[in-house]
Amino acid sequence: MDSDCYKLCEKLIPDTYVQQGQQARQVHQNKIRHLLEQKKLPEEGWSDLTIEILLQEFSVMDSNNFPGNCGVGEREARVFSPLVLKRHYNFGHGIGRSGEITAIQPKAAGSSLMMKLTNSLALDLIKLCGIPSVKSCFVVPMATGMSMVLSMLTFKQSRPDAKFVIWPRIDQKSCIKSIITAGLTPVVVENKLEGDELRTDVQAVRDKVAELGATNILCIFTTTSCFAPRAPDRLEEIGEICKVSDIPHLVNNAYGLQCTKCTHLLQQAARTGRVDVFVQSTDKNFMVPVGGSIIAGFDNKLLEKISKTYPGRASMSPTMDLFITLLSMGSKGYQALVKQRKELYTYLQTSLLQCATKHGQRLLKITHNHISMAMTLAVDGFSATDIGSKLFTRCVSGTRVVTQTGKISDINGQKFCNFGAHCDVYPCSYLTAAAGIGMTKEDVDTFISRLDKVLSKCKMLPYNSDHRTVVHETKDILSQQSSSNEKSKDEVQSSETFCEDASQTVT
Ligand SMILES: *Cc1c(COP(=O)(O)O)cnc(C)c1O
């Protein structure tokens with residue numbers, strides 16, 4: 001209501017009451033004005049009421065909500081179901097125009113404002129997370145893998161002859177698939193076992209660059225957040241190689257924003273070497289439903305180019321979910337969640353160590369991964385994967401049991417041994433757990449108590465040098481397999497199924 005309306009109100013009820021109400025309304029308006037002025041995350045999170053007032057202000061600015069609007073185009077944001085319209089707060093136009101995902105949509109001023117603000121808030125948040133030199137970012141209604149595809153296809157425009165993507169192995173199917181879907185050739189660089197940790201083989205990357213020739217390489221694709229025992233890639237060293245050889249550096253930062261270890265790596269690599277683009281999932285970092293990711297980078301022009309590569313308009317749902325969530329959290333709220341996650345990581349580590357020790361197992365020494373951890377699983381008489389299934393039936397999700405079966409998986413024609421382990425043979429079977437944003441102490445306690453029950457029922461072998469025999473057996477399997485190299489299609493198929501069962505991925 002404007003001031004005329006309030007004056008009219010004073011004719012209906014005593015003016016003091018009206019003024020009081022008007023002041024209360026002003027509190028919301030002030031927050032909204034501040035947001036529009038600063039285009040930054042509010043420090044304190046907003047109430048749902050303030051957020052809904054703003055959503056309503058924006059939605060009345062979109063043409064589908066204009067009184068008396070007469071749409072005669074083929075796309076007029078006509079929504080059949082009131083329930084659907086409600087779910088979208090009366091927004092229906094999506095974001096972008098046919099040519100560019102970050103373009104203003106003339107029919108939807110409100111949606112366009114929300115898109116601009118969300119991208120601005122996201123940029124502010126990325127800085128806050130530990131990457132102050134980030135230049136530009138935008139939210140895309142596609143998960144991380146597809147956003148990597150979009151980024152690589154954009155690189156391709158300026159490097160039309162380059163077809164290789166150097167990829168330090170990360171056993172997450174979206175990663176390898178994104179390279180193949182982009183029509184490129186992955187060049188797998190196996191990780192190096194250092195102590196218990198799997199780390200980037202920087203020399204092998206260097207050798208590959210020399211072997212293939214920099215101009216034939218589209219980009220080097222590295223990963224920060226990943227499952228233990230893999231550590232985040234050595235971003236600084238790879239960034240250096242990219243800088244010296246003039247090769248784009250694409251970083252998969254799937255759930256790395258919540259972890260200062262990962263953001264620090266990105267900041268450093270960009271400062272001393274080269275990082276072009278880094279992609280993060282909205283659901284994994286911001287507690288929203290799956291569906292979006294943020295493409296970010298250190299060069300405005302490149303980011304604009306990626307946004308222009310996106311064909312057509314896009315769903316605004318992931319943008320709106322993030323917009324609402326960021327306003328609701330505020331910078332303080334997000335920082336508190338990050339702090340809590342860090343504390344729970346330590347708590348989970350301590351609890352898992354106790355549980356592992358009790359059952360004669362060992363917590364793997366993974367110092368560079370600050371999200372995910374792993375304990376050995378040496379069992380007698382049956383497969384360690386049974387432990388994974390037992391946990392799953394006890395409603396524990398997100399843990400992964402990785403056994404060294406030596407099985408070969410075929411992912412879009414690319415063969416991997418022990419896919420899920422990040423390497424062909426890891427010295428033992430293990431179970432992973434991660435401390436992700438939003439996790440609670442109760443989650444940790446419940447997990448440990450259920451794990452303890454499951455392990456108590458299994459015949460756990462003490463983790464000792466006997467364990468190494470398991471490794472030798474695995475190596476035997478491997479050498480047998482490589483001698484009978486050409487496997488029949490059926491065999492590959494069944495081994496993949498087995499691998500799927502074995503490494504129960506519930507992420
Ligand atoms: C989640 C994740 C991805 C991407 O998965 P999407 O489903 O495409 O978001 C890639 N790599 C890692 C390490 C991940 O955790």
Side-chain angles (χ1 to χ4, degrees), residues 122 137-153 165 167-182 186 188-189 191 197-200 219-235 238 250-259 261-263 265-266 277-296 310 314-315 317-318 321-322 341 366 368-374 397-400 402 411-412 414 416 419-423 432-439 500 503-507:
C137 78
F138 58 93
V139 179
V140 211
M142 306 186 293
T144 319
M146 282 302 288
S147 292
M148 305 293 280
V149 173
L150 190 69
S151 305
M152 284 185 273
L153 289 177
V165 174
W167 180 67
R169 179 169 167 182
I170 160 90
D171 288 0
Q172 225 282 356
K173 282 186 188 166
S174 344
C175 302
I176 179 78
K177 285 193 169 185
S178 71
I179 300 171
I180 292 165
T181 303
V188 185
V189 173
N191 296 300
E197 271 181 314
L198 288 165
R199 305 208 62 197
T200 323
C219 69
I220 302 185
F221 178 137
T222 59
T223 302
T224 55
S225 54
C226 58
F227 291 117
R230 191 191 192 279
D233 275 319
R234 295 183 196 266
L235 254 60
I238 303 292
L250 175 62
V251 184
N252 168 16
N253 189 40
Y255 46 104
L257 274 187
Q258 60 186 291
C259 174
K261 174 92 192 164
C262 298
T263 54
L265 274 175
L266 272 159
V277 176
F278 57 102
V279 179
Q280 34 271 308
S281 150
T282 51
D283 63 284
K284 289 180 189 171
N285 291 288
F286 301 110
M287 302 169 75
V288 293
V290 171
S293 59
I294 304 174
I295 304 183
Y310 188 103
S315 162
S317 287
D321 288 347
L322 189 61
R341 190 206 71 80
I366 315 287
H368 293 89
N369 192 324
H370 292 196
I371 302 177
S372 173
M373 59 194 79
S397 63
T399 58
R400 296 162 79 248
V402 177
I411 297 162
N412 294 49
Q414 188 82 32
F416 291 93
F419 192 82
H422 307 297
C423 66
T432 69
I437 193 164
M439 189 189 215
E500 286 264 357
S503 52
Q504 187 189 83
T505 317
V506 193
T507 52

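Here the structure is a predicted model, which is why all the values come from computation and not from measurement. Both counts, for ligands and for their atoms, begin at 1 and track the order of listing.
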Exercise. With a 4.0 Å heavy-atom cut-off (strictly under), which part of Asn252 contacts ligand 1: side chain, backbone, both or neither?
Worked result: side chain
[X] side-chain N/O to [Y] backbone N/O, donor-acceptor pair under 3.5 Å:
| X | Y | value |
| --- | --- | --- |
| Asp283 | Val288 | no |
| Glu197 | His368 | yes |
| Asn369 | Pro232 | no |
| Gln258 | Lys284 | yes |

For this session: Sequence neighbours left out, what passes side-chain contact (heavy atoms from CB on, under 4.5 Å) with Ala433? Give chain and number order.
Result: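 For Ala433, the residues satisfying side-chain contact (heavy atoms from CB on, under 4.5 Å) (neighbours in sequence not counted) are Leu348, Phe447.
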Exercise. Is the number of heavy atoms from other residues, nucleotides or ligands under 6.0 Å of Lys261 NZ greater than 12?
Worked result: yes
Answer yes or no: does an N/O atom from [X] fall short of 3.5 Å to an N/O atom of ligand 1?
| X | result |
| --- | --- |
| Ser281 | no |
| Ala143 | no |
| Tyr255 | no |
| Thr144 | yes |

Which of the numbered atoms in ligand 1 are under 4.0 angstrom from any heavy atom belonging to [X]?
| X | result |
| --- | --- |
| Gly145 | 6 (P), 8 (O) |
| Lys284 | 1 (C), 2 (C), 3 (C), 14 (C), 15 (O) |
| Cys175 | 10 (C), 11 (N) |
| Ser225 | 13 (C) |

Problem set entry | Set of side-chain hydrogen bond (donor to acceptor under 3.5 Å, both in side chains) partners for Thr432, sequence neighbours left out | none
